[in-house]
Student: 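After the structure tokens below, expect a handful of questions from me.
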Amino acid sequence: MGYLWAASWFIILLILNGFCQFSFASDQDGFLSLACGGTSSFTDSTNIAWVPDNAYVTTGNTTNLNVMDGTSISSVPLRFFPNSRDVRACYKLPMQNMSAQVLVRPQFFYKNYDGVQKPPVFRVSLGTAYVTTVNLSCSDPWIEEFIWPVTKETLSFCLHALPGGGFPVISRLEIRPLPQGAYTSGMTDSPNKSLRKMYRVNCGRNVGSIRYPFDVYDRIWDVDQNFSPSHLSTEYSTQLLISTSGILESPPVAVLQTARVLARKNDLTYDFSLATLGDYYIVLYFTGILPVSSVFNILVNREVVSSNFTVKNSEARVLFFIQNRIKTLNITLQNVSFYPQVSAIEVYELVDIPLESSSTTVSALQAIQQSTGLDLGWEDDPCSPTPWKHIQCEGSVVRSLLLSDISLRAIGPMFADLLDLTTLDLHNTSLAGEIQNLGSLQELENLNLSFNQLKSFGSDFSSLASLQTLDLKNNSLRGTVPESVGKLKDLQLLNLENNKLVGPLPQSLNRATLDLRTTGNMCLSFSHSACNGLLDNRSIETPLVTVVINKKQNGHNRRAILIGSVVGVSCALFFISLLVYLYWRKKKKSEITSTSLAKLDMRNWNAARVLSYKEIKAATKNFKEIIGRGSFGSVYHGKLSDGKLVAVKVRLDRSQLSSDSFVNEVYLLSQVRHQNLVSLEGFCYESKGQILVYEYLSGGSLADNLYGQNRKKVTLSWVRRLKIAVDAAKGLDYLHNGSDPRIIHRDIKCSNILLDSEMNAKVCDFGLSKQVSVADGSHVTTVVKGTVGYIDPEYYSTQQLNEKSDVYSFGVVLLELICGREPLTHAGSPDTYNLVLWAKPYLQAGAFEIVDERIKGSYDLESMRKTAYVASRAVERDPSQRPTMAQVLTILKEAYSIQLSYISPTGG
């Protein structure tokens, strides 16, 4: 072109402007550059700081690639995910203090790193949206850019394996903040969208891409090649200072200083091929770099989107528009007067962002996951981009929850928040007590609570108006079927098989549209008289006596019949009265109050005191200080009238025991007296609650000292850990072998081992304990009790409880003492999540690099070997291969004695 106009003062301003841009960008505020699979930080040639990605991802393997860069070979780190079908391959990217939208740029390499010549294919998601499919057989490397609206403090970036597609891989991941309000013009009709970059062209530039530091937001502006079908247009550049004021996207000045200009009176055309049929967002930048104003029409796919578009000298303009349902893109600048021109073009595919599930639903599901103690893989959004395990969705609404074959134990209040459920399957989840917390689920159509230990219908059924199938087979339901069940008009299947129910059934269930199944109960019938004598809540009716008088018989016979009838009625009345009296007496006997308990012979109860509710209230200062919570209720700190400090356990209403059961438990706890078992100091049983009062130990639990706040106060040395292990083993050995009857604890864990002020250990919490007769060393239970991570796997599968189940749990505690970590964790790679599976092979091989860093260098090697040996034996899957608690105690005493004689070089 013959038009060049550049004054020296413009050049000076240009230099100053470029310097200002570079200075602003040098801070890199909000930049996050991850070298995926890298091991150290570095700064690249553009002065961008890169860091390893291990703080943002918890899975995947790493390697390095040798990549040709021009004429040299450079080493590029790479992370690949061989377990991505079972474990989520996700990065958690911090979005705090970011602008309203960010640029996300991942880069994927393959380069035959695995030597199998099979480039992978996999999907990529951001937040709730699948944003692309990467096919490295088409391009290697593969680079993507997304413009993502920031709505949360953390953004999930995940790679999803496809069947037969190989392992997902990634090499780099960059986050860049974008200007406030950028890329939103013209988007009012397209909410909940992300932009996936297809093209970003620096029109008029033919050598080298432009990015940071020239673009302070580090967008990559590619050279202008192969887009125009004719070469009638000219690449044009200028030194004219261009202001981007008013353009929210703030394109770099270097981009606006170039343009493609039509030299003749023809049309300027760009053709772009698009990946898929879809909706696309186009941004056109124009700069008046000629000394004349240009006027032209803008056509997209031969349709005019702007007529007589004018670009004045020294003026920068931008135009946005959306094209729906297109697969090719033709942009034509049709000459009106002078020279059609364009400085830059951006083309983005519009990607739908699925709505997130309601926060109420997410919170409820997370609470359910926590209550089970299981890792159900529930992270981010329940429905998108992939539904969680055990969940089915319609759009962003959770419709089905299928949680069979786990230990749920109770239908907690969090279920009441799942208002959109239509299907709930909780069969074989160890549910007990009554059916509860479901009354708010008015859209529920299918409810499966079969194969549990439920005993009562509860009172929620009247509001479950949409219920169509109700499966309650194989429970322990007692009494009669409530009328509220019969009022469910849409009910099509009611399965009550194998319970302990008796009739009569509600007449409203006697309809042809209902499939009613009742076999395996005592007596269920629509007849009121069919089950007489079996109803627990019906009185015995007076027998009907029919007197038949034969007129041909003499008076003597008539009198005899009359007398016999009177005698029969009298006997029946006497029999009824006797039954009523016996029932009253039995009921009266069962109503044990605190007064009657006080009159019991306490001499054989080892001085466990009977305390009134008033005394308990005074001791705890009206239940002021909570020191613990559990399924049983809350534990309060207290001080008795004699000055003794106590821990007061108050049972929840829903966990109240019957009178006999509570007295039996108190009696059992009163008999257990050992220096390494927390002793029962008293109890209260009044209408206001069932309360147990234990001795108070000021040192907290072993869990507190290993992982909690107490670990900041004192570090448990190896010798202290061994002393705690020996103390706890003594207590358990007493339960197994010293008490009569013998007791299985069933919930051994670090939080149930308490420490006094001298760091002596005592085992606590016998609420789940079971007595074992001398003749029978095991106990079959229908509900697996205990804490996930500590439960004997054999007990899980067979429900056969024995003392070796306690040995397994105690073995897990020993592993915690050795390794200084909890039984289950999501830190590190998947093969380290489970402490037993991770640590056992190391310890069996005598490899002690997994020992807690806090005690390294302070233990005697032989002491550690003995402890590792007994811990590994204790967690054997086969119970017969585990030692007894007495044998565990013997070996631990030896290890403790060895450690006591060892003088640590660090003073341990």
Student: Answer yes or no: is there a donor N or O on one side and an acceptor on the other, between the side chain of S430 and the main chain of L408, under 3.5 Å?
Tutor: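 A pair under 3.5 Å: no.
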
Student: Name all residues meeting the ring-ring contact (aromatic ring centres under 6.0 Å, His included) criterion together with Y790; count only those two or more places apart in sequence or in a different chain, and write none if there are none.
Tutor: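 Here no residue qualifies.
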
Student: Between D425, L477, T429, I411, which is the residue that forms a side chain to side chain contact (heavy atoms under 4.5 Å, CB included) with L449?
Tutor: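 Between L449 and the candidates, side chain to side chain contact (heavy atoms under 4.5 Å, CB included) is satisfied uniquely by I411.
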
Student: About how many Å separate CG of N752 and CZ of R746, when rounded to the nearest 0.5 Å?
Tutor: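 It comes to 13.0 Å.
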
Student: Taking the side chain from N452 and the backbone from S450, do they hold a donor-acceptor pair closer than 3.5 Å?
Tutor: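 Present.
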
Student: Could you give me the CA-CA distance, side-chain angles and deciding distance for V398 and D420, then say whether side chain to side chain contact (heavy atoms under 4.5 Å, CB included) is met?
Tutor: CA-CA 6 Å; V398 176; D420 300 310; 5.9 Å; no

Student: Under the salt bridge (charged side-chain N to carboxylate O under 4.0 Å, His left out) rule, what pairs show up with a residue in residues 494-503, not counting sequence neighbours?
Tutor: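 Those involving residues 494-503 do not exist here.
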
Student: Please find the pair of heavy atoms, one from Y636 and one from T620, that lie closest to each other, and give the distance.
Tutor: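 Answer, listing the atom of Y636 first, then T620: CB-CG2, 4.1 Å.
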
Student: What I'd like to find out is whether the side chain of L505 reaches to under 4.5 Å of the side chain of N510, using heavy atoms alone.
Tutor: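 Not in contact.
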
Student: List the atom of H745, the atom of D806, and the distance in Å for their closest heavy-atom pair.
Tutor: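 Smallest interatomic distance, heavy atoms only, reads N-OD2, 2.7 Å.
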
Student: Could you walk me through whether T422 and R399 pass the side chain to side chain contact (heavy atoms under 4.5 Å, CB included) check?
Tutor: CA-CA 5 Å; T422 57; R399 289 298 191 188; 3.9 Å; yes

Student: Within the structure provided, determine whether L493 and D471 are in side-chain contact (heavy-atom separation under 4.5 Å).
Tutor: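 No, too far: nothing below the 4.5 Å cut-off.
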
Student: Does one side chain, of D405 or N428, offer a donor that lies under 3.5 Å from an acceptor on the other?
Tutor: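 Their side chains do contain a donor-acceptor pair, which is all the 3.5 Å distance test asks for.
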
Student: Hey, mind stepping through L509 and F526 against side chain to side chain contact (heavy atoms under 4.5 Å, CB included) and telling me if it holds?
Tutor: CA-CA 9 Å; L509 293 175; F526 290 109; 4.0 Å; yes

Student: Does anything in residues 390-433 form a ring-ring contact (aromatic ring centres under 6.0 Å, His included)? List the pairs, not counting sequence neighbours.
Tutor: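 Output for this query is empty, none listed.
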
Student: For residues E483 and S508, report the shortest heavy-atom separation together with the two atoms involved.
Tutor: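 For E483 and S508, the tightest heavy-atom pair comes out as OE1-OG, 4.2 Å.
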
Student: Verify the distance criterion only: is there a donor paired with an acceptor across the side chains of T128 and D381 at less than 3.5 Å?
Tutor: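 Not at all, the side chains of T128 and D381 share no donor-acceptor pair under 3.5 Å.
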
Student: Heavy atoms only: give me the nearest L501-N521 pair and the separation to one decimal.
Tutor: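 Reported closest heavy-atom pair: N-OD1, 3.1 Å.
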
Student: So if I apply the side chain to side chain contact (heavy atoms under 4.5 Å, CB included) rule between I616 and each of N622, V650, L611, which one comes out positive?
Tutor: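 Between I616 and the candidates, side chain to side chain contact (heavy atoms under 4.5 Å, CB included) is satisfied uniquely by L611.
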
Student: How many angstroms lie between atom CG of L470 and atom CG of L488, to the nearest 0.5 angstrom?
Tutor: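 Interatomic distance, L470 CG to L488 CG, rounded to 0.5 Å: 7.5 Å.
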
Student: Is a side-chain N or O of S156 found less than 3.5 angstrom from the main chain of G127, in a donor-acceptor match?
Tutor: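 Not confirmed, S156 side chain does not pair with G127 backbone.
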
Student: Who passes ring-ring contact (aromatic ring centres under 6.0 Å, His included) against F451, sequence neighbours left out?
Tutor: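 F451 satisfies ring-ring contact (aromatic ring centres under 6.0 Å, His included) with no other residue.
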
Student: Output, in order, the C-alpha distance, side-chain angles, deciding distance and verdict of side chain to side chain contact (heavy atoms under 4.5 Å, CB included) for L355 and N192.
Tutor: CA-CA 8 Å; L355 294 175; N192 302 315; 3.6 Å; yes

Student: Which heavy atom of L524 sits nearest a heavy atom of G503, and at what distance?
Tutor: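 L524 and G503 have their closest heavy atoms at CD2-N, 3.7 Å.
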
Student: So do L376 and K389 actually touch side chain to side chain, heavy atoms under 4.5 Å?
Tutor: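 Side-chain contact under 4.5 Å: no.
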
Student: Side chains of I391 and L365: closer than 4.5 Å at any heavy-atom pair?
Tutor: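 Side-chain contact under 4.5 Å: yes.
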
Student: Tell me if a side-chain donor or acceptor on S440 pairs with a main-chain N or O of A416 at a distance below 3.5 Å.
Tutor: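 Confirmed, S440 side chain pairs with A416 backbone.
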
Student: In the structure I gave you, are the side-chain heavy atoms of L680 and K649 within less than 4.5 Å of one another anywhere?
Tutor: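 No, too far: nothing below the 4.5 Å cut-off.
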
Student: Measuring only between side-chain heavy atoms, which start at C-beta, is F683 closer than 4.5 Å to V693?
Tutor: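 A side-chain contact is absent here, since even the closest heavy-atom pair is not under 4.5 Å.
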
Student: So, does D747 use its side chain to make a donor-acceptor pair with the main chain of K749 at under 3.5 Å?
Tutor: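 Looks like no, no N/O pair under 3.5 Å.
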
Student: For a quick test of reading the model, state the closest non-hydrogen atom pair linking E434 to G458 and the distance between them.
Tutor: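 So the two residues come closest at OE1-CA, 4.0 Å.
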
Student: Measure from the side-chain N and O atoms of N499 to the backbone N and O of N475, and report whether any donor-acceptor pair falls under 3.5 Å.
Tutor: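 Here the side-chain-to-backbone pair exists.
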
Student: Distance only, no hydrogens: is a donor on one side chain within 3.5 Å (strictly under) of an acceptor on the other, for T469 and N446?
Tutor: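 Yes, because at least one side-chain N or O of T469 sits under 3.5 Å from a partner of the opposite role on N446.
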
Student: Hey, are the side chains of P382 and V362 touching, using non-hydrogen atoms and a 4.5 Å cut-off?
Tutor: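 When only atoms from C-beta onward are counted, V362 and P382 do touch, with a gap below 4.5 Å.
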
Student: Under the disulfide bond (SG atoms under 2.5 Å apart) rule, what pairs show up with a residue in residues 370-414, not counting sequence neighbours?
Tutor: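 For residues 370-414, and leaving out neighbouring residues, the disulfide bond (SG atoms under 2.5 Å apart) pairs sorted by first residue read C383-C393.
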
Student: Can any side-chain N or O of S400 pair as donor or acceptor with the backbone N or O of Q392 at less than 3.5 Å?
Tutor: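 No, because the side chain of S400 does not come within donor-acceptor range (under 3.5 Å) of the backbone of Q392.
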
Student: Please list all pairs passing the ring-ring contact (aromatic ring centres under 6.0 Å, His included) test where one or both residues lie in residues 356-383, with sequence neighbours left out.
Tutor: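 For residues 356-383: W378-W388.
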
Student: Taking the side chain as every heavy atom from C-beta outward, state whether L418 and I368 have any atom pair closer than 4.5 Å.
Tutor: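 With C-beta onward as the side chain, the pair touches.
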
